[in-house]
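Questions regarding the structure given below will be posed in turn.
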Amino acid sequence: MAHLLGVLIGQKHFSIMKWMIPINELSSQQREIIADITDVKSKKNWVAGYAGTGKTIVITHALKKIAKLTPRKSVCFMAYTHALKDLVASGISATETQRIDICTLDSFNNEDVFYDYIVVDEVQDIKDRQLNNILKRARNIIVAGDPDQSIFSGRIDPEEIGEILGAHKKHTLRDIHRLGQNLFNVAKEILPEAKIVQGAALSNRSDHRVWKFEATNKDEEFRQVFREAQRLAQVEKPSAVLFPTHDLIYRFASVVAYELCRKLPPAPSRGRITCYEEFNDFFQSHKCPLMFLGSNNGSLPQSDSTKMVYLMTYQSAKGLDFENVFLPYLKEGNNLDAKPNNFSRELEERRHFFVALTRSRRNVFLSYHGTPHWVLNKIPKGCMESFKPQVQRGFSR
């Protein structure tokens, strides 16, 4: 069976970065959509919206409401990534529901259980046959997702989501709550194709800033990125350092580890799912707050009590957001869509970069050495500020 919520979080309700906004603090449109998609007469619903419009928050509140109104109904929530699954689990206390299964898509596919309600986040990340399978196993379905953030190869054609759902109601969130004007301007330049509802309001935060740092070489860049990410990390406000590939993550961690203890961390073991257990144990044993998060590795709840710097791939970070996001190694030749060659379509790289950029709630740090990646040339110069790290040696613990 998929992991039951009680098994996942027991008697403790994790805050995980205090991400869950109380329903009375949501916008009127968000509350209206929650009421609409939880109406017993509404069988199929799609919650869409630009990055930062609050899709995950809306469907999590919908889960809570469904559990309260229909305690005898079976309910399942699923996401493609473990990190997003755990985040949503943290937003639902054990006392609010008795029948919610929280699982990944893989876990769901390994079982053959029928549900009264199935809620799917980041629907654009799954394959068409998987969505058809979900439709066969639920009386009511709620999906959330943004076709413009589709970055996984071999997934459902974004244009076919509505067609596969059949008769459904689409709710498009209007206002962009996470992005301030500056980051929104950058995101719009990177992916002008992304659909924005006319008249959408932006977050009124004026401190949402984009920083650029040029280093003389890779090791200097990685050391300075980690120092700043560690400096800015706070309890319940972890920093996130994102890369397009696992290889770059290991190269970054190796620079940090060598500076820390003159040793290299254990390489993650590759399989269908990359395992970072020994890798994460290495940094924990050296009292270094660096942890890989994703693919069922790492722990989001740990940032509730400890200052953490999370390493993630662009793909694993989908659906999450962090106070401070670092995007290093934006140099010429670095493929941002994680393909094994350098002949990626420009649109795919822009989509990946767009997803990574929009994970931020306050600061985005873009860094490179050598010749900058072409995506940096698309950012209006007035939207970026130069960042000059403080000169220091060694890392704090």
Side-chain angles (χ1 to χ4, degrees), residues 1-5 7-9 14 16-17 19-20 37 45-49 51-64 66-67 74-92 97 100-111 113 115 117-135 137-138 140-152 154-156 158 161 165 173 240 242 272-274 293-301 310 312-322 355-356 358-359:
M1 285 289 292
H3 293 297
L4 284 174
L5 180 62
V7 175
L8 268 171
I9 61 177
F14 293 121
I16 304 188
M17 304 179 292
W19 75 281
M20 191 62 181
I37 63 179
N45 290 272
W46 177 8
V47 180
T53 51
K55 297 181 291 296
T56 298
I57 288 175
V58 165
I59 62 171
T60 303
H61 274 295
L63 275 171
K64 291 156 68 74
I66 289 168
S74 56
V75 184
C76 176
F77 169 84
M78 77 180 72
Y80 184 70
T81 67
H82 287 272
L84 183 54
K85 173 205 73 175
D86 292 346
L87 183 75
V88 170
S90 77
I92 308 172
T97 181
I100 297 183
D101 284 358
I102 310 284
C103 64
T104 62
L105 183 64
D106 284 345
S107 298
F108 179 84
N109 288 334
N110 288 334
E111 303 294 339
V113 181
Y115 291 94
Y117 290 87
I118 292 180
V119 181
V120 184
D121 204 358
E122 302 288 345
V123 66
Q124 74 279 354
D125 292 344
I126 67 178
K127 299 177 181 179
D128 51 359
R129 60 178 175 79
Q130 293 168 332
L131 181 55
N132 278 310
N133 180 39
I134 291 167
L135 290 169
R137 291 171 55 183
N140 305 276
I141 182 169
I142 300 168
V143 303
D146 174 18
D148 290 319
Q149 295 184 61
S150 177
I151 63 173
F152 291 97
R155 298 308 193 263
I156 189 170
I161 294 176
L165 285 174
L173 289 161
L242 311 182
R272 195 177 70 84
I273 296 177
T274 305
L293 180 66
S295 303
N296 209 22
N297 298 277
S299 167
L300 264 177
Y310 288 121
M312 302 186 75
T313 63
Y314 289 3
Q315 295 178 342
S316 291
K318 288 199 76 211
L320 305 183
D321 55 81
F322 300 88
V355 167
T358 55
R359 299 310 94 203

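Everything numeric in this text was worked out from a predicted model, so none of it was measured.
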Query - Atom pair OG/OH of S74 and Y117 - distance to nearest 0.5 Å - result: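 So the gap between those two atoms works out to 10.0 Å.
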
Query raised in the report: Just by distance, do the side chain of R359 and the backbone of L320 share a donor-acceptor pair under 3.5 Å?
Result: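 At least one qualifying donor-acceptor pair exists.
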
Query raised in the report: Looking at residues at least two apart in the chain, or sitting in another chain, which of them share a side-chain hydrogen bond (donor to acceptor under 3.5 Å, both in side chains) with T313?
Result: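 Only S316 meet the side-chain hydrogen bond (donor to acceptor under 3.5 Å, both in side chains) criterion with T313.
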
Query raised in the report: Sequence neighbours excluded, which residues qualify as salt bridge (charged side-chain N to carboxylate O under 4.0 Å, His left out) partners of K318?
Result: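 With neighbours one apart ignored, the set is E122, D125.
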
Query - Contacts of type side-chain hydrogen bond (donor to acceptor under 3.5 Å, both in side chains), residue Y314, not counting sequence neighbours - result: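 Y314 satisfies side-chain hydrogen bond (donor to acceptor under 3.5 Å, both in side chains) with no other residue.
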
Query raised in the report: What residues, two or more places apart in sequence or in another chain, satisfy side chain to side chain contact (heavy atoms under 4.5 Å, CB included) together with D146?
Result: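 D146 satisfies side chain to side chain contact (heavy atoms under 4.5 Å, CB included) with K55, D148, Q149 only.
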
Report task. Give the minimum heavy-atom separation between D128 and I156, together with the two atoms involved. Result ->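 Answer, listing the atom of D128 first, then I156: N-CB, 4.0 Å.
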
Report task. Could you tell me which non-hydrogen atom of G145 sits nearest to which non-hydrogen atom of W46, and how far apart they are? Result ->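 Between these two residues, the closest heavy atoms are O-NE1, 3.4 Å.
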
Query - Those residues that, when tested against D106, pass salt bridge (charged side-chain N to carboxylate O under 4.0 Å, His left out) (two or more places apart) - result: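 Only R272 meet the salt bridge (charged side-chain N to carboxylate O under 4.0 Å, His left out) criterion with D106.
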
Requested in this report: Please list, chain by chain and in numerical order, all residues satisfying side chain to side chain contact (heavy atoms under 4.5 Å, CB included) with A138, sequence neighbours excluded.
Outcome: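 Checked A138 against side chain to side chain contact (heavy atoms under 4.5 Å, CB included); matches are I118.
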
Query raised in the report: Who pairs with N45 by side-chain hydrogen bond (donor to acceptor under 3.5 Å, both in side chains), at least two apart in sequence or on another chain?
Result: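 Testing N45 for side-chain hydrogen bond (donor to acceptor under 3.5 Å, both in side chains), a comparison that skips the adjacent residues, returns S42, H171.
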
Query - Of Q124, R155, K85, the residue whose pairing with Y80 passes side chain to side chain donor-acceptor pair (under 3.5 Å) - result: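 Testing each of Q124, R155, K85 against Y80, the sole residue satisfying side chain to side chain donor-acceptor pair (under 3.5 Å) is R155.
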
Query - Set of residues satisfying side-chain hydrogen bond (donor to acceptor under 3.5 Å, both in side chains) with respect to T104, sequence neighbours excluded - result: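 S107.
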
Query raised in the report: If you take all heavy atoms of L293 and Y310, which pair is closest and at what distance?
Result: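 Where L293 meets Y310 most closely, the heavy atoms are CB-CD2, 3.9 Å.
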
Requested in this report: With sequence neighbours left out, write down each residue that passes side chain to side chain contact (heavy atoms under 4.5 Å, CB included) with N296, or none if nothing qualifies.
Outcome: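 Testing N296 for side chain to side chain contact (heavy atoms under 4.5 Å, CB included), a comparison that skips the adjacent residues, returns H82.
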
Query raised in the report: Which value, rounded to the nearest 0.5 Å, describes the distance between I37 atom CD1 and I66 atom CD1?
Result: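 Interatomic distance, I37 CD1 to I66 CD1, rounded to 0.5 Å: 7.0 Å.
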
**Report entry** Under the side chain to side chain contact (heavy atoms under 4.5 Å, CB included) test, residues paired with A240 that sit two or more places apart
**Finding:**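 Counting only residues at least two positions away or on another chain, A240 forms a side chain to side chain contact (heavy atoms under 4.5 Å, CB included) with L242, F322.
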
